[in-house]
Amino acid sequence: MSLTTPITLLGVPGSPYTRKMLAVLRYRHIAYRLILASHRAPPGGLPRAKVPLLPTFYLPGPSGALEAVTDSTPIIRLFEREFSGRSVIPTDPAMAFINDLLEDYGDEWLTKAMFHYRWYYKPDIDHAGDVLPLWSSELLSDADFAKAKQDIIERQVSRLYVVGSNDTTASVIEDSYRRYLAIMEELFRHQRYVLGERPSSADFAAYGQLTQLTKVDPTPMAVTWREAPRVNAWVDRVDDLSGLEPQETEWTRRDAIPQSLRDLLGEVGRGYVPVMLANEKALADGAAEVKTEVEGKTWVQKPFPYQAKCLKWLRESYRALSPADRSAVDGILHGTGCERLFA
Ligand SMILES: N[C@@H](CCC(=O)N[C@@H](CS)C(=O)NCC(=O)O)C(=O)O
């Protein structure tokens with residue numbers, strides 16, 4: 001495939017994965033055309049994706065015709081193959097693997113905080129209901145706006161179960177988010193990005209979720225502004241890194257892992273790891289419910305097949321490492337709880 005620019009994508013400002021991809025495109029100097037619209041109603045005869053999600057990219061398929069493609073993580077890897085320079089994947093395969101893991105944590109765990117805070121508390125629900133219908137740039141009468149607000153609230157609140165937000169898990173999600181903030185605040189005392197002095201896809205994944213948690217939804221916004229000013233400012237900076245000139249030497253080296261990165265991996269090991277493993281097991285057993293413990297508290301949710309796929313992909317990239325690189329990864333993950341994913 002040979003991609004021509006500008007690349008067309010469909011998205012909205014309230015979609016964390018749209019924000020993740022826009023920031024990657026800006027940083028990588030890949031020209032794009034963002035169409036502000038819902039994935040349920042792509043304008044101008046654009047096709048719907050098989051699994052309609054935002055962002056939806058329009059990329060040439062085997063026949064050259066544009067196809068609707070989703071899923072930010074593999075699309076980032078496609079762009080790495082298609083466009084040179086300003087890579088968001090560390091050059092060292094061991095660090096690239098750590099980046100894969102942290103990107104998935106951003107996409108699959110931090111999103112629980114994002115969706116939970118937005119649709120669990122009354123002031124956040126009300127605010128999201130006010131702004132989301134207007135972000136796809138529709139002109140709405142007051143009556144249509146009121147109906148759109150009510151519809152989106154009903155639809156999204158009824159989907160809290162997808163991320164596992166409920167009365168049992170609410171405090172687990174919030175405790176985990178606040179521990180994450182404290183760890184990142186410490187990391188940003190010593191370095192500018194998750195894996196050194198240049199951004200990786202792990203930054204962009206977390207940034208995407210945090211665009212909402214730090215700038216849109218009132219409850220997590222207050223928490224983040226109060227507890228993590230460096231994290232808040234990092235979100236603003238990652239938004240547009242088009243002027244940064246990254247150097248190869250700026251990646252964190254496998255033999256110089258800072259304590260705060262170890263602490264971040266330890267946090268991944270506390271929540272994401274047991275829940276990903278329990279989800280995989282529930283699906284394999286055909287169980288109706290995922291049940292496990294996070295930090296001594298109960299976690300319960302419906303199984304989520306996509307996250308079992310994410311775990312399978314991570315294991316595949318772990319197995320694809322050379323023995324020397326795998327042993328370096330094992331050394332980095334040792335004692336963080338993350339090693340359980342690959343045991
Ligand atoms: N794994 C996908 C997730 C994309 C995703 O979940 N997008 C959300 C919006 S941020 C969505 O479209 N949800 C379905 C809906 O709102 O109907 C990715 O990385 O792109």
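Computation of the quantities below employed the complete heavy-atom set of this structure, encompassing side-chain atoms and omitting hydrogens, waters and symmetry-equivalent molecules. Just so you know, ligand 1 is whichever comes first in the structure, and atom 1 is the first atom listed for that ligand. This is a predicted model, so every value here is computed, not measured.
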Determine, for Y193 and R198, whether the Lys NZ or Arg CZ falls below 6.0 Å from the six-membered ring centre while staying within 45 degrees of the axis.
-> no

Carboxylate-amine/guanidinium contact K147 D151, below 4.0 Å = yes

For the rings on F115 and Y161, is their centre-to-centre separation under 6.0 Å?
-> no

Using a distance-only test with no angle check, is there a side-chain donor-acceptor pair under 3.5 angstrom linking W234 and D203?
-> yes

Between E250 and R192, is the closest basic N to carboxylate O distance under 4.0 Å?
-> no

Are there any protein N or O atoms under 3.5 Å from the N or O atoms of ligand 1? List them with distances, or say none.
from: ligand 1; atom 1: 1 (N); to: D71; atom 2: OD1; distance (Å): 2.9
from: ligand 1; atom 1: 1 (N); to: Y306; atom 2: OH; distance (Å): 3.3
from: ligand 1; atom 1: 7 (N); to: L54; atom 2: O; distance (Å): 2.9
from: ligand 1; atom 1: 12 (O); to: L54; atom 2: N; distance (Å): 2.8
from: ligand 1; atom 1: 17 (O); to: H39; atom 2: NE2; distance (Å): 3.0
from: ligand 1; atom 1: 17 (O); to: R40; atom 2: NH1; distance (Å): 3.3
from: ligand 1; atom 1: 17 (O); to: R155; atom 2: NH1; distance (Å): 3.3
from: ligand 1; atom 1: 19 (O); to: D71; atom 2: OD1; distance (Å): 3.2
from: ligand 1; atom 1: 19 (O); to: S72; atom 2: N; distance (Å): 3.2
from: ligand 1; atom 1: 19 (O); to: S72; atom 2: OG; distance (Å): 2.6
from: ligand 1; atom 1: 20 (O); to: S72; atom 2: N; distance (Å): 3.0

Taking only residues two or more places apart in sequence, or in another chain, which ones meet Y117 in a ring pair (Phe, Tyr, Trp, His ring centres under 6.0 Å)?
-> Y177

